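Each chain gets a letter, A, B and so on, in the order its sequence line appears, and its residues count up from 1. Small disclaimer: the values here were computed from a predicted structure and weren't measured.
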Amino acid sequence: MERKWEAKLKQIEERASHYERNPLSPVYRPRLSKSEEPPSIWKLFHRQTHAFNFVKSCKEEVHVFALEYKVGDGQRIYLVTTYAELWFYYKSRKNLLHCYEVIPENAVCKLYFDLEFNKLANQEADGKKMVALLIEHVCKALQELYGVHCSAEDVFNLDSSTDEKFSRHLIFQLHDVAFKDNIHVGNFVRKILQPAFHLIASEDDDSISETTGHRFSHFPETPIKQGISFSEMSSDEGRGESRTRNSKEQERLESAEQSSPDLSFLVVKNNVGEKHLFVDFGVYTRNRNFRLYKSSKIGKQVALEVAEDNKFFPKQSKNISEENQYFLSSLVSNVRFSDTLRILTCDTSQNKQKRVECFNSTRTKAENIEGYNCSPYPEIDQFVRSLVDKNGIKGGIRRWSYFFPEELLVYDICKYRWCENIGRAHKSNNIMILVDLKNEVWYQKCHDPVCKAENFKSACFPLPAEVSLLFLLKEEEEFTAAETMNSDTQNPHEPPSGLSSKDAISDAAWDSGLDEADFVEAAEDAELAEAAECGLLGTAAETLVPDEPITQPRPGCARCRATAEVWMKDLPFAHFPRSNKTSGKMIRMPG
DNA sequence: CAGCGCTACCACACCCC
DNA sequence: GGTGTGGTAGCG
């Protein structure tokens, strides 16, 4: 034990001395680029939190993907890149064979399903018919609960079946509609399939896998909110309009309750004969990994492909191939903000209860409901509150939504209605404050139909220093600069001298997105063939970004700035998505 | 050196009748 | 015996 410790200590000292001999170049030297091409972003991380922290610090629109790399134990590493760059390397299907989208917690996303049953245990089951019936039921539910119209033509239907197992993914391509996050999707799915739980519970008490409510109805509970619409004229809560909407909902609910749908087609048996549902409810958890279109599980051959009975066909585009369109459609968290987008929510009854209690306990204070209407960025919430607390009017945050692609936080404001467009407060329409985390600016839009019609967007104002990522990072850099290990960054592609070859490879993987030539070369290297087989583009598992930073950020360079992800991990803004277990500072939303 | 986020299950403590 | 709690194996 002691010897091990001494060896570690010696290793650290050696490394420290190396960094002293090779101090960090103070000047930022951009990498040589062929033309005006956007820079490559291709980074691998062992830890999901590090990957998300890197995303936060990246100016470009990047996403986290999980790659399986070890047969058997399902171990994964995390890749951060753009959709376009991933597709560039991914499309040939010679590499990156086992990729998963990480559906970021708290991010707006599409409605999706994972469906499966054992064919041997359910020989009479007609999978295609079950899918069609499910889609029909879901569309009906969307119509009745949210007034959202859709059909089987809006459902991207992916098949991953084998001889043993029927397996599908459904990704709903709703028009200008999405869910607040995948937890809300899960609540919605559980809600609309509750009669099926009853079916299992009544027939077989041993295999209840989900707790159920006591009411036996079609869609047992109306969501507490119907989702704000960024387009509709709305939404003074508790006043005339929302009351009108609520009574409409009541009508929908009542008509739904008159007849209970037959969901018996959802009941299947597992390989030991226990009853289960065709729908997998385990896929609605935070940061869920969801297998990509054309990826297979490691150790298996079968990839997700367009199902025979798929009825969704993406729009033709000049610039984007059909396959790429399918790929983009399959991505659950690929939802961009737009003025006309509606965000659906679906709370559990427990959360509703909490919300009511919270509201009752704080309403006398006429304050915001702390803890519920807070985003995972408390500093930014506070700043937004300060923006809407002027001229004796204390506005509040009614709700927030997060759009991962643009890193955009959209705050719906209550009480405070001052609109820059008309130079006064709106009489009946609320405003929005949008915080663009990428560009560190905020601006105002509003729900007023006239302002919307002219696509009004206020001027952009910089976020104040205290909530700016740059500021926090700079402080942290100054703090750590003296004691941080430096390395030679003269050429990002050239590993620091004096390190082991293993470290050298690490550095290359650490610092660069492979360009096409690199990629081909790497993939053809016989020694790396196995790793390539695992889909790692020739960067074997041990060549990943280590937890310790080897390069230090170069001031002014967005990409290099980002490599400080390790230093960032304890900063407040880094706790979104949720930070790792050890920090435990993340405010988790109820539920 | 190295995944993550759950849920079901178990052991145990504590309480009450 | 009922209920709450804390740890963990194992699943997706």
For this session: Check the distance between B/dG3's P and A/Gln48's CD and give it to me in whole angstrom.
Result: 12 Å
For this session: Could you tell me whether A/Gln75 contacts a base, only the sugar-phosphate backbone, or nothing, with contacts defined as non-hydrogen atoms closer than 4.0 Å?
Result: base
Exercise. Does a side-chain heavy-atom distance below 4.5 Å link A/Val268 with A/Asn118?
Worked result: no
For this session: Can you tell me the distance, in whole Å, between the CD1 atom of A/Ile103 and the P atom of B/dC4?
Result: 17 Å
Exercise. Per the salt bridge (Lys or Arg N to Asp or Glu O under 4.0 Å) rule, which among A/Glu60, A/Glu407, A/Glu61 passes with A/Lys438?
Worked result: A/Glu407
Problem set entry | Rounded distance in Å - NZ (A/Lys297) to C1' (B/dG3) | 16 Å
Exercise. Under 3.5 Å, is there a donor-acceptor pair linking the side chains of A/Asn182 and A/Tyr112?
Worked result: yes
Exercise. When the nearest nucleotide of DNA chain B is assigned to A/Tyr284 and to A/Asn289 on a heavy-atom basis, which residue is associated with the more 5' position?
Worked result: A/Asn289
For this session: Using a cut-off of strictly less than 4.0 Å, decide whether A/Arg47 has a side-chain nitrogen or oxygen near OP1 or OP2 of B/dC4.
Result: yes
For this session: Quote, to the nearest angstrom, the C1' distance that separates B/dG3 from C/dG10.
Result: 15 Å
Problem set entry | Rounded interatomic separation in angstrom, taking CG from A/Asn270 and C1' from B/dA8 | 15 Å
Problem set entry | Any A/Asn287 side-chain N or O less than 4.0 Å from OP1/OP2 of B/dG5 | yes
Exercise. What integer distance in Å separates A/Asn182:CG from B/dC6:P?
Worked result: 9 Å
Problem set entry | Between P of B/dC4 and CZ of A/Phe45, the distance in whole Å | 13 Å
Between the protein and nucleotides 8-12 of chain C, list the N/O to N/O atom pairs that are separated by less than 3.5 angstrom.
{"from": "C/dG12", "atom 1": "O3'", "to": "A/Asp280", "atom 2": "OD2", "distance (Å)": "2.7"}

For this session: Ignoring backbone atoms, establish whether A/Arg286 has a side-chain N or O less than 4.0 Å from OP1 or OP2 of B/dC4.
Result: no
For this session: Calculate, to the nearest 0.5 Å, the distance between atoms OG and CG belonging to A/Ser264 and A/Leu199 respectively.
Result: 6.0 Å
Exercise. Rounded to the Å, how far apart are A/His46 NE2 and B/dC4 C1'?
Worked result: 15 Å
Exercise. Mind checking whether A/Val131 and A/Phe166 have side chains closer than 4.5 Å, heavy atoms only?
Worked result: yes
Exercise. Would you call the rings of A/His63 and A/Tyr83 parallel, tilted or perpendicular if under 30° counts as parallel and over 60° as perpendicular?
Worked result: parallel
Seminar exercise, completed: Whole-Å distance, A/Asp181 CG to B/dG5 P, equals 15 Å
Problem set entry | Shortest non-hydrogen separation from A/Asn289 to A/Gln48 and the atoms involved | ND2-OE1, 4.4 Å
